[in-house]
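Okay, so here's the structure we're looking at.
To find a chain, count down the sequence lines: A is the first, B the second, and so on, and within it residues start at 1. All heavy atoms count here, side chains included; hydrogens, waters and symmetry mates do not.
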There are 2 protein chains.
Amino acid sequence: MSNTDHRPLTLRDVSEASGVSEMTVSRVLRNRGDVSDATREKVLASAKELGYVPNKIAGALASSRVNLVAVIIPSMSNMVFPEVMTGISQVLEETDLQPVVGLTDYTREKEEKVLYEMLSWRPSGVIIAGLEHSDAAKAMLRASGIPVVEIMDVDGTPVDSVVGISHRRAGEKMAKAILKGGYQRIGFMGTTMPRDHRARKRFEGFTEVLAKAGVEIAEREFYSGGSALVKGREMTQALLARDPDLDFLYYSNDMIGAGGLMWLLEHGYDIPNQIGLAGFNGLNLLKGLPRELATMDACRLEIGRRAAEIIANRVKDDADQSPVRIALEPTISYGDTLRRP
Amino acid sequence: MSNTDHRPLTLRDVSEASGVSEMTVSRVLRNRGDVSDATREKVLASAKELGYVPNKIAGALASSRVNLVAVIIPSMSNMVFPEVMTGISQVLEETDLQPVVGLTDYTREKEEKVLYEMLSWRPSGVIIAGLEHSDAAKAMLRASGIPVVEIMDVDGTPVDSVVGISHRRAGEKMAKAILKGGYQRIGFMGTTMPRDHRARKRFEGFTEVLAKAGVEIAEREFYSGGSALVKGREMTQALLARDPDLDFLYYSNDMIGAGGLMWLLEHGYDIPNQIGLAGFNGLNLLKGLPRELATMDACRLEIGRRAAEIIANRVKDDADQSPVRIALEPTISYGDTLRRP
DNA sequence: GATCTGGATGTTATCGCGAACATCATAACT
DNA sequence: AGTTATGATGTTCGCGATAACATCCAGATC
């Protein structure tokens, strides 16, 4: 039953235990080729008894097939990527592919390192967040010769395929909705964005639409680190202290938006009339707040699913290898904090 | 610069490009053995120019060394495991080990499948959540011959090493604090717990202490799925409708606790005097609510760190391989919702 | 009965790399 | 000068599996 001496088990052990060749054992364990029922059962019994687990390293080397898909994302602790992962998993679960996650912590250096590390395992495909990568990273992606899908953002030039939303457009759309709601004096709060390209693009789209309507951002505030809920409170208070006449607050994510919302409610603001709010991301987590925050869905689940589908399709033998570009449409949700036109 | 024909690059390509043997290239790329500075630079230049990425599959097979640590956890989307992962990453980052995550979705079948899949890559160690596994899974873990650390929970018999808190004790501790606070009529809300062994253990410890003090849980309510914040509201309302005289509500996690807290505040309850609340987990995410929820820290970061340290130590050549058992002490945090004694 | 067919099995070569050992020069001793 | 260290490199073999081909045998076909 158990492997008492400490030599690792190999196909040979199973083959000896069941009295057939290694090749036949291999065929049984992979369900490939013709094997009689009798031998199959004999082999499976031996394998189970020994507790044999095939060595994919050797298998992958011999077959040059690896059922791994590298997924490279900034972080798992900010609500947005777990949902993307869910989408990816949902789709890959129906194939024999398996996602393997690498985290970049929002830095290019780490992205490069992680990518190198993952490519050295020769995965069948890469799903990677964002369109901004170091030249070296782009070169690696191209040289790898495997399908690459860049996700989240479509505003830029992909290496290969891309699935996402236009964050620029998301910002524009929210700006239009706010203007239509009749708001005029707008404050913005978000992360300091040296590396958050998507937040920057939203901000650019946002300000541009306002500018066209002759409106300028009246006040702004940035943060990094700490509890987003607390930061949302603090920044909201600071902003309103500086300019009590603000009638709208646009937050670059839902968590700080929620913090702001709570602060405003505690201080008796009339929402959405005296002041309106909106965030970004459509965090399901926050359903259940006293008021529902206006937000914009970033199509996270769908992005994950589509990206995985592209990889899954391309891995097939006779597949069309041409790049795909999918731009999903972010949808606005007015909630209780944004006056409808 | 780029690999135009479609043959994958190997050490041989780099060796030919730089005019040295494959072995020397290998040594350069791994920083092992003596290589003259001149050759080193020559090799690195060629490798970079070709865009060569070493094949770890072949490397691992040849050296029977794999720098991967399998981390098997139920889910990434419930706040508790991301922080454990952070702890693991922090520690492994200082070694050459790399975590690879597999998700079980709280089912034994999937756990078994994921474990099999991961072991087939011959990782250097396994970190796996919980002490409850199928017999087959336990057998695999034992037969693997690699260090195994079971995490989160210490109430049970580990396969090898274990790092966690006693959830039973966590429940007991909270019960004592509640009793000392003078609460008498206690309601409980949590997940339906067919598979949530840790929540069950907390509940058992909790009720036992109450029982000794002659107190019984007055009302209880269970949920599964959906937005935890909303569920917390709904269950709280339901519970208080059934028994308006409850003076304490114990929630099996902070999210439903936060939902309950908001509902109570909106309905004008006097907290913590008319009614007290407590959750479980010490979610940093929730800092910034109108009141700070009483909770108990599950030492998630520390658990991750300790588990990773055990693996990292054991991987060393001459390491002590004896099992380790670390029981961390959960600490109570009274917040604003639990009367102090 | 001879030939053919195809299912069931075995044999050999190879995947790309690293461990272990071998080789060769140069420097450092006695 | 002769021996010994040490650094820098190369050679051989094997890791554990799979691809591709080879073999064998029972039944079908003529």
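One can place NZ of B:Lys42 at 13 Å from P of D:dA8, the figure rounded to the nearest angstrom. The distance between atom CE of A:Met23 and atom P of C:dG7, rounded to the nearest whole Å, is 17 Å. A:Ile57 places its CD1 atom 13 Å from the P atom of C:dG18, with the value rounded to the nearest Å. Look at CZ on A:Arg12: it is 15 Å from C1' on D:dT18, rounded to the nearest Å. Across the protein-nucleic acid pair, A:Asp13 atom CG and D:dG16 atom P stand 9 Å apart, rounded to whole Å.
Distances were taken from every side-chain heavy atom of A:Ala58 (C-beta onward) to each of C:dT9, C:dA19, D:dG16; the shortest belongs to D:dG16. Closest contact between the side chain of B:Tyr52 and the listed nucleotides C:dT11, C:dT9, C:dC17 involves C:dC17. With D:dT9, C:dA8, C:dG18 as the candidates, the nucleotide lying closest to the side chain of B:Leu11 is C:dG18. When distances run from any side-chain atom of A:Ala62 to the nucleotides D:dA17, D:dA19, D:dC15, the shortest one goes to D:dA17. Out of C:dG18, D:dT9, C:dT9, the shortest distance to the side chain of B:Arg30 is found at C:dG18. Comparing D:dT18, D:dG16, D:dT9 by their nearest atom to the side chain of A:Thr10 picks out D:dG16.
For B:Ser26 (side chain) and B:Glu22 (main-chain N/O), no donor-acceptor pair under 3.5 Å exists by modelled atom type. Counting only distance, with no hydrogens or angles, the side chain of B:Thr104 and the backbone of B:Lys110 share no donor-acceptor pair below 3.5 Å. Judged by distance alone, the side chain of A:Ser75 and the main-chain N or O of A:Asp105 form no donor-acceptor pair under 3.5 Å. The backbone N or O of A:Ile310 lies less than 3.5 Å from no partner atom in the side chain of A:Asn313, so there is not a single donor-acceptor pair.
Ranked by how close their nearest DNA chain D nucleotide is to the 5' end, A:Glu22 and B:Asp34 are led by B:Asp34. The 5' end of DNA chain D is approached more closely, in terms of each residue's nearest nucleotide, by B:Gly19 than by the other of A:Val25 and B:Gly19.
Among the heavy atoms of the strands lying under 4.0 Å from B:Asn55 are primed sugar atoms or P, OP1, OP2 only; no base atom is included. Residue A:Arg32 is out of contact with every strand shown, counting any heavy-atom pair closer than 4.0 Å. Heavy atoms of A:Ser64 sit nowhere under 4.0 angstrom from any nucleic acid atom. In this structure, A:Leu61 reaches the bases: a heavy-atom distance under 4.0 Å links it to at least one base atom across the strands shown.
Counting heavy atoms from C-beta outward, B:Leu9 and B:Val14 have side chains that stay 4.5 Å or more apart.
Between the CD1 atom in B:Ile127 and the CD1 atom in B:Ile311 there is a gap of 5.0 Å [rounded to 0.5 Å].
When the side-chain nitrogen and oxygen atoms of B:Arg27 are compared with OP1 and OP2 of D:dA8, none of them lie within a distance under 4.0 Å. Between C:dA19 and B:Arg65, a contact under 4.0 Å exists linking OP1 or OP2 to a side-chain N or O. Look at A:Arg40 and you won't find any side-chain N or O under 4.0 angstrom from OP1 or OP2 of C:dG7. Taking side-chain N and O atoms only, B:Thr24 has no distance below 4.0 Å to OP1 or OP2 of D:dA8. The phosphate of D:dT18 (OP1 or OP2) has no side-chain N or O of A:Ser63 nearer than 4.0 angstrom.
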